[in-house]
**Q** 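Shown below is the structure under consideration.
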Amino acid sequence: MLLEKIESLLTEIGSLKANSSEEIEQLRLKYLSKKGQINALMADFRSVPAEQKKVVGMKINELKQSALQRINELKEQFAASEATADDIDLTRTPYPVALGTRHPLTIVRNEIIDIFSHMGFVMAEGPEIDDDLHVFTKLNFAPDHPARDMQDTFFIEQNPNDVTKNILLRSHTSGDQAHYMETHEPPIRILCPGRVYRNEAISARAHCFFHQVEGLYVDKNVSFTDLKQVLLTFAREMFGADTKIRLRPSYFPFTEPSAEMDISCHICGGEGCGFCKHTGWVEILGCGMVDPNVLEACGIDSTVYSGYAFGMGVERITNLKYRVSDLRMFSENDTRFLEQFTAAN
């Protein structure tokens with residue numbers, strides 16, 4: 001049934017016509033956008049038997065390429081039909097300029113933001129160059145916490161007499177939450193995306209900079225149950241309606257109690273595979289209830305208000321969605337790698 005639908009769309013795309021640039025854009029949205037007909041096929045693809053996935057997957061890729069080629073042909077035909085001697089740009093390069101694409105990290109970051117925005121979270125971005133006071137001290141990090149050491153944090157200026165005045169490249173976006181709580185009264189429901197830096201050796205599994213999205217909700221009577229429901233909703237929106245989650249006890253200086261959250265492996269359906277190390281589960285984020293010390297340090301009465309916080313790495317989520325094995329590929333700007341995400345825009 002799915003192959004028949006793909007063949008029907010191939011025939012339909014092959015005969016596409018348009019009389020204006022607006023019509024061409026409508027065709028692009030109809031077939032190639034995030035909510036387009038081709039992307040909608042992925043929902044049916046999940047139910048395809050394992051022995052047929054390779055054949056069906058190749059046909060879907062063929063369909064994407066055919067749609068992209070036909071749309072580009074229509075654009076070229078329309079541009080050629082309207083060109084005149086007066087509007088030809090003689091300084092333009094003679095060869096076709098390849099279309100760009102959004103970066104895979106941007107695609108996933110926007111999807112994460114979109115999901116939490118529908119749950120009432122608003123954007124709150126802070127500085128990449130920050131001080132120890134907001135990155136560590138107000139978040140309940142002990143003065144001798146290892147994260148403050150040079151082997152973990154990039155320091156720009158260090159003050160031996162007062163560590164709170166040290167200037168550094170932020171090692172997490174949690175500092176944005178501290179800035180926001182200082183200047184806003186509850187209820188607070190924010191999402192803090194951004195780039196962070198840590199002094200780590202660059203390899204296939206680690207980099208000295210990466211991207212995070214962190215969330216914070218502070219109000220009266222906020223409970224761990226509220227946190228669990230928000231994260232379950234996120235996991236199912238991002239990875240599919242059948243996704244399960246589990247929370248394992250953990251430790252973070254700024255939350256108590258704290259937990260790591262795993263999702264059921266969407267590649268093997270929780271049965272166990274090489275990607276999930278045959279456990280059926282994959283870790284995606286850390287979370288917990290905001291420590292009262294953090295609330296008090298930011299000027300919020302912890303006897304009246306409570307809250308939860310969570311944070312995830314965008315590279316981690318991107319790897320789960322697209323199975324990119326080497327983190328370095330995200331920052332090398334290899335067009336052969338980036339072109340693979342054209343249809344995901």
Side-chain angles (χ1 to χ4, degrees), residues 2 33-36 38-50 52-54 56-57 60 104-121 189 191-193 210-217 222-250 252 255 257-289 308-325 327 341 343-344:
L2 183 55
S33 68
K34 180 180 177 181
K35 297 182 180 179
I38 295 177
N39 199 44
L41 294 175
M42 297 309 297
D44 297 330
F45 181 72
R46 296 191 185 97
S47 61
V48 172
Q52 298 181 17
K53 283 187 179 293
K54 181 177 180 181
V56 176
I60 292 177
L105 294 180
T106 302
I107 296 170
V108 173
R109 173 185 177 273
N110 290 345
E111 188 172 354
I112 294 171
I113 291 172
D114 185 58
I115 291 171
F116 283 108
S117 293
H118 284 90
M119 289 189 278
F121 287 82
R189 194 193 301 259
L191 203 64
C192 303
F210 53 98
H211 301 78
Q212 287 184 335
V213 175
E214 300 196 28
L216 171 72
Y217 177 42
V222 177
S223 69
F224 204 97
T225 302
D226 300 324
L227 169 62
K228 180 180 179 181
Q229 187 58 48
V230 164
L231 296 181
L232 176 61
T233 301
F234 163 73
R236 289 180 173 175
E237 287 288 330
M238 178 62 73
F239 298 104
D242 296 330
T243 303
K244 298 180 178 64
I245 68 170
R246 72 176 183 182
L247 296 168
R248 295 178 288 105
S250 186
F252 303 108
T255 54
S258 304
E260 300 276 3
M261 190 181 93
D262 304 329
I263 61 167
S264 54
C265 181
H266 65 293
I267 296 173
C268 64
E271 296 181 2
C273 66
F275 191 82
C276 63
K277 300 180 181 179
H278 301 283
T279 64
W281 297 93
V282 182
E283 177 190 330
I284 67 167
L285 58 82
C287 61
M289 300 300 294
Y308 61 68
F310 56 85
M312 68 194 78
V314 179
E315 281 84 351
R316 178 67 168 166
I317 304 298
T318 306
N319 279 344
L320 290 174
K321 287 184 71 68
Y322 298 119
R323 300 176 71 178
V324 179
S325 58
L327 283 177
F341 301 92

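Note that this is a predicted model, so its numbers are computed, not measured.
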**Q** Can you confirm whether Val324 sits close enough to Pro104 that some side-chain heavy atom of one is under 4.5 Å from a side-chain heavy atom of the other?
**A** no
**Q** Are Ser264 and Asp242 packed together at the side-chain level, in the sense that at least one heavy-atom pair is separated by less than 4.5 angstrom?
**A** no
**Q** For a quick check under 3.5 Å, do Asp114 and Ser117 share a side-chain donor-acceptor pair by atom type?
**A** no
**Q** Quick check: closest heavy atoms across Leu191 and Gly215, and the distance to 0.1 Å?
**A** CD1-CA, 4.0 Å
**Q** Apply the test side-chain contact (heavy atoms from CB on, under 4.5 Å) to residues Met261 and Leu247: give CA-CA distance (whole Å), side-chain angles for both, the deciding distance (0.1 Å), then the verdict.
**A** CA-CA 5 Å; Met261 190 181 93; Leu247 296 168; 3.6 Å; yes
**Q** Apply side-chain contact (heavy atoms from CB on, under 4.5 Å) to Lys321 and Ile107, showing your working.
**A** CA-CA 11 Å; Lys321 287 184 71 68; Ile107 296 170; over 6 Å; no
**Q** Which atom names give the shortest non-hydrogen contact between Met238 and Val108, and what distance separates them?
**A** CE-O, 4.5 Å
**Q** Does some side-chain heavy atom of Ile112 sit less than 4.5 Å from a side-chain heavy atom of Met312?
**A** yes
**Q** Identify, with sequence neighbours excluded, every residue that meets salt bridge (Lys or Arg N to Asp or Glu O under 4.0 Å) alongside Arg189.
**A** none
**Q** Counting C-beta onward and ignoring hydrogens, is there a side-chain heavy-atom pair between Ile284 and Phe239 closer than 4.5 Å?
**A** yes
**Q** Measure across Gly286 and Glu260 and return the closest heavy-atom pair with its distance rounded to 0.1 Å.
**A** CA-OE1, 4.0 Å
**Q** What is the distance from atom CZ of Phe210 to atom CG of Leu105, rounded to the nearest 0.5 Å?
**A** 12.0 Å
**Q** Once salt bridge (Lys or Arg N to Asp or Glu O under 4.0 Å) is applied, do any residues pair with Lys228, and if so which ones, sequence neighbours excluded?
**A** none
**Q** Angle class for the Phe116/Phe310 ring planes (parallel below 30°, perpendicular above 60°, tilted otherwise)?
**A** parallel
**Q** Could you report the tightest heavy-atom contact between Pro193 and Arg109, atom names first, then the distance?
**A** CG-NH2, 3.6 Å
**Q** For Leu285 versus Gly311, what's the shortest heavy-atom pair and its separation?
**A** CB-O, 3.1 Å
**Q** Got Leu327 and Asn319 here, is their nearest side-chain heavy-atom distance under 4.5 Å?
**A** yes
**Q** Do you know the tightest heavy-atom contact between Leu227 and Ala309?
**A** CD1-O, 4.4 Å
**Q** Test Asp262 against every option in Arg248, Lys244, Arg316, Lys277 by the salt bridge (Lys or Arg N to Asp or Glu O under 4.0 Å) rule and name the one that passes.
**A** Arg248
**Q** Run the side-chain donor-acceptor check on residues 229-237: report pairs under 3.5 Å with partners two or more places apart or on a different chain.
**A**
{"unit_1": "Thr233", "atom_1": "OG1", "unit_2": "Gln229", "atom_2": "O", "d": "2.9"}
{"unit_1": "Arg236", "atom_1": "NE", "unit_2": "Thr243", "atom_2": "O", "d": "3.1"}

